[in-house]
Amino acid sequence: IIDPLHVGKINIVANNSNMEYIENEMILISNDLPQGISVSLSLTGAAGNILTGDLSGTYTSSTYRISRDISIASDDIVTLQSGTTFLFDGEYNFSIYGTLIALGTEQDSIIFDNYGTEKWRGLTLYEESDQSEFRYLRISGAQKDLGGGIRLASSSPNFKHVTISGNSSSSYGGGIYMSASNPNLEHVSISENYTLNPGNGYVPPGGGIVLDQSNPTLNQVIITQNTAMMGAGIYFINCNNSTLNNVTISGNSSLYFGGGVALDNSYPIFNHVTISENTAGFSSGGIYLNQSDPQIINSIIWGNTASFGDTQIGISENGGTPLITYSDISGGWIGDGNINSDPLFVDSENGNY
């Protein structure tokens with residue numbers, strides 16, 4: 001019974017042993033309505049575990065087909081056990097307002113990917129999802145405007161042993177886009193993501209990662225084979241305290257500037273970072289600096305190339321003064337302890353630096 005001028009929720013249950021097309025109706029009874037008025041109902045049965053709408057509780061190891069947008073409501077917690085696979089069969093979002101605990105294992109990871117040929121729209125974490133945790137997880141095949149694989153909006157979850165690959169964005173961050181977020185990334189691989197060329201003169205940056213007023217901590221992270229028009233590996237904008245420790249940025253390619261890294265009004269700290277074999281179309285195969293003063297310590301910048309400009313050094317400055325010390329810089333760089341010497345990579349062709 002739903003009283004006049006009130007809202008009610010009606011649960012409609014279908015017999016899940018029927019796989020065919022089913023029709024029925026819901027009859028409305030009211031003195032104010034014509035007798036026998038009804039609402040038609042229909043559905044088509046489908047095999048497998050199918051999820052839509054708000055998620056809640058724990059999802060055990062299985063393959064789930066996502067056939068509409070899914071979400072986690074504010075103050076709700078969803079746990080995915082190891083071996084869980086979410087396959088999206090269309091351009092659907094996974095919006096997280098609450099908390100997602102996705103705990104895979106080295107032997108049995110958690111996977112987010114496409115069900116068919118249509119690309120899903122990745123994960124988006126909003127303000128109240130700081131307690132989210134991602135462990136032994138792969139995010140692939142997603143595409144949307146901001147952060148093809150993952151968008152963090154004022155959210156700071158923890159990522160550990162996560163692979164983000166083969167995602168794309170039509171503007172910022174093919175792999176990840178962070179705004180006002182400070183997550184921790186440890187043992188994370190970000191590869192083969194890209195930003196699309198819109199063909200209208202707009203320059204979408206950050207094939208791998210875009211940090212927008214965000215200050216994450218990256219430790220033991222590999223960023224490789226990402227593509228963008230600028231800052232193919234990482235693009236920083238208005239970032240003050242980002243920290244990169246033991247990070248490899250290699251094999252990324254930009255159409256214009258900053259094959260490996262591009263910084264705009266940003267001041268990150270690079271410690272034990274290798275930036276190698278990245279390419280750019282115009283200049284700054286390694287790093288492009290625009291009004292930025294990064295600190296680079298105990299790092300290697302070597303073997304980056306560009307079609308024009310700094311084809312050997314790999315660093316281009318457009319305002320700003322980087323502080324580089326105790327590092328190996330192709331072409332040399334003034335600073336305490338810096339050298340210009342072959343770093344003797346073990347096997348750079350196979351990504352072993």
Side-chain angles (χ1 to χ4, degrees), residues 146-148 168-179 190-191 193-198 201-216 218 221-244 247-270 273-296 299-311 313-324 329-330 333:
L146 292 175
S168 62
S169 166
S170 57
S171 58
Y172 279 43
I176 308 177
Y177 173 77
M178 306 180 191
S179 60
I190 301 167
S191 65
N193 305 283
Y194 60 95
T195 53
L196 303 172
N197 184 346
Y202 175 66
V203 181
I209 308 176
V210 168
L211 307 181
D212 184 355
Q213 301 181 71
S214 297
N215 297 293
L218 278 63
V221 173
I222 296 174
I223 302 168
T224 184
Q225 303 297 324
N226 301 286
T227 307
M229 299 181 77
M230 182 169 67
I234 309 181
Y235 179 73
F236 295 80
I237 179 169
N238 300 323
C239 300
N240 294 322
N241 297 302
S242 303
T243 303
L244 283 70
V247 173
T248 299
I249 303 170
S250 66
N252 302 285
S253 179
S254 288
L255 181 62
Y256 296 135
F257 307 106
V261 181
L263 295 92
D264 188 356
N265 192 33
S266 295
Y267 311 89
I269 298 173
F270 295 77
V273 174
T274 297
I275 302 174
S276 181
E277 298 184 358
N278 303 285
T279 63
F282 285 92
S283 66
S284 315
I287 303 178
Y288 174 73
L289 305 176
N290 181 46
Q291 306 299 325
S292 298
D293 301 327
Q295 295 183 48
I296 301 174
S299 295
I300 299 172
I301 303 175
W302 195 272
N304 303 286
T305 60
S307 299
F308 303 98
D310 58 339
T311 57
I313 297 176
I315 303 175
S316 178
E317 302 168 79
N318 183 27
T321 306
L323 177 61
I324 304 176
I329 310 296
S330 176
W333 198 272

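Just so it is clear, the values below take in all heavy atoms, side chains as well, and ignore hydrogens, waters and symmetry mates.
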> Looking at side-chain heavy atoms only, is the closest gap between S169 and L146 below 4.5 Å?
Replying inline: no
>> Can you list everything that forms a side chain to side chain donor-acceptor pair (under 3.5 Å) with N290? Sequence neighbours excluded, please.
In response: D264, N318
> Do side-chain atoms of N278 reach the backbone of G251 as a donor and acceptor pair under 3.5 angstrom?
Replying inline: yes
> Who are the ring-ring contact (aromatic ring centres under 6.0 Å, His included) partners of Y288, not counting sequence neighbours?
Replying inline: F257
> In chain order, what residues pass the side chain to side chain contact (heavy atoms under 4.5 Å, CB included) check against T227, with sequence neighbours excluded?
Replying inline: Y194
> Rounded to the nearest 0.5 Å, how far apart are CD1 of I329 and OG of S299?
Replying inline: 7.5 Å
> Is I209 close to Y177 at the side-chain level, that is, under 4.5 Å between some pair of heavy atoms?
Replying inline: no
> If every non-hydrogen atom of G259 is compared with every non-hydrogen atom of A280, which pair is closest and at what distance?
Replying inline: N-CB, 3.9 Å
> Excluding sequence neighbours, so at least two apart, what forms ring-ring contact (aromatic ring centres under 6.0 Å, His included) with Y267?
Replying inline: none
>> Restricting to side chain to side chain contact (heavy atoms under 4.5 Å, CB included), what partner residues turn up for N241, sequence neighbours left out?
In response: N215
> Are any of the side-chain heavy atoms of T321 and L323 separated by less than 4.5 Å?
Replying inline: no
> Do you know the tightest heavy-atom contact between P204 and S170?
Replying inline: CB-O, 4.3 Å
> Within a strict 4.5 Å, meaning less than it, do heavy atoms of the I275 and S250 side chains meet?
Replying inline: no
>> So which atom in A228 and which in G206 form the shortest heavy-atom distance, rounded to 0.1 Å?
In response: CB-N, 3.8 Å
>> Please determine whether side chain to side chain contact (heavy atoms under 4.5 Å, CB included) holds for the pair I315 and I324, giving the CA-CA distance in whole Å, both sets of side-chain angles, and the decisive distance to 0.1 Å.
In response: CA-CA 11 Å; I315 303 175; I324 304 176; 4.1 Å; yes
>> Tell me whether I222 at atom CD1 has more than 12 heavy atoms from other residues, nucleotides or ligands lying less than 6.0 Å away.
In response: no
> Do the non-hydrogen side-chain atoms of I296 and V273 ever get within less than 4.5 Å of each other?
Replying inline: no
> Residues two or more places apart in sequence or in another chain: which of them pass side chain to side chain donor-acceptor pair (under 3.5 Å) with S168?
Replying inline: Q143
>> Just so I know, are the side chains of T224 and I249 near enough to count as touching, which here means a heavy-atom distance under 4.5 Å?
In response: no
>> If you apply the rule side chain to side chain contact (heavy atoms under 4.5 Å, CB included), what do you find for I287 with L263, and how did you get there?
In response: CA-CA 8 Å; I287 303 178; L263 295 92; 3.7 Å; yes
>> Quick check for you: to the nearest 0.5 Å, what is the distance between S214 atom OG and I176 atom CD1?
In response: 11.0 Å
>> Please evaluate residues N252 and I223 with respect to the criterion side chain to side chain contact (heavy atoms under 4.5 Å, CB included), reporting the C-alpha separation (whole Å), side-chain torsions for both, the decisive distance (0.1 Å), and the verdict.
In response: CA-CA 8 Å; N252 302 285; I223 302 168; 4.3 Å; yes
>> Quick one, P294 and F270 - any side-chain contact, counting heavy atoms below 4.5 Å?
In response: yes
Can you give me every donor-acceptor pair (side chain of residues 229-240, partner residue at least two apart or in another chain, under 3.5 Å) with its distance?
residue: N238; atom: OD1; partner: N265; partner atom: ND2; Å: 2.8

> Hey, what do you get for OG (S242) to CE (M178), rounding to the nearest 0.5 Å?
Replying inline: 8.5 Å
> For G303 and S330, which heavy atoms make the closest approach, and how far apart are they?
Replying inline: N-CB, 4.5 Å
> Quick one: side chain to side chain contact (heavy atoms under 4.5 Å, CB included) partners of S253, sequence neighbours excluded?
Replying inline: T279
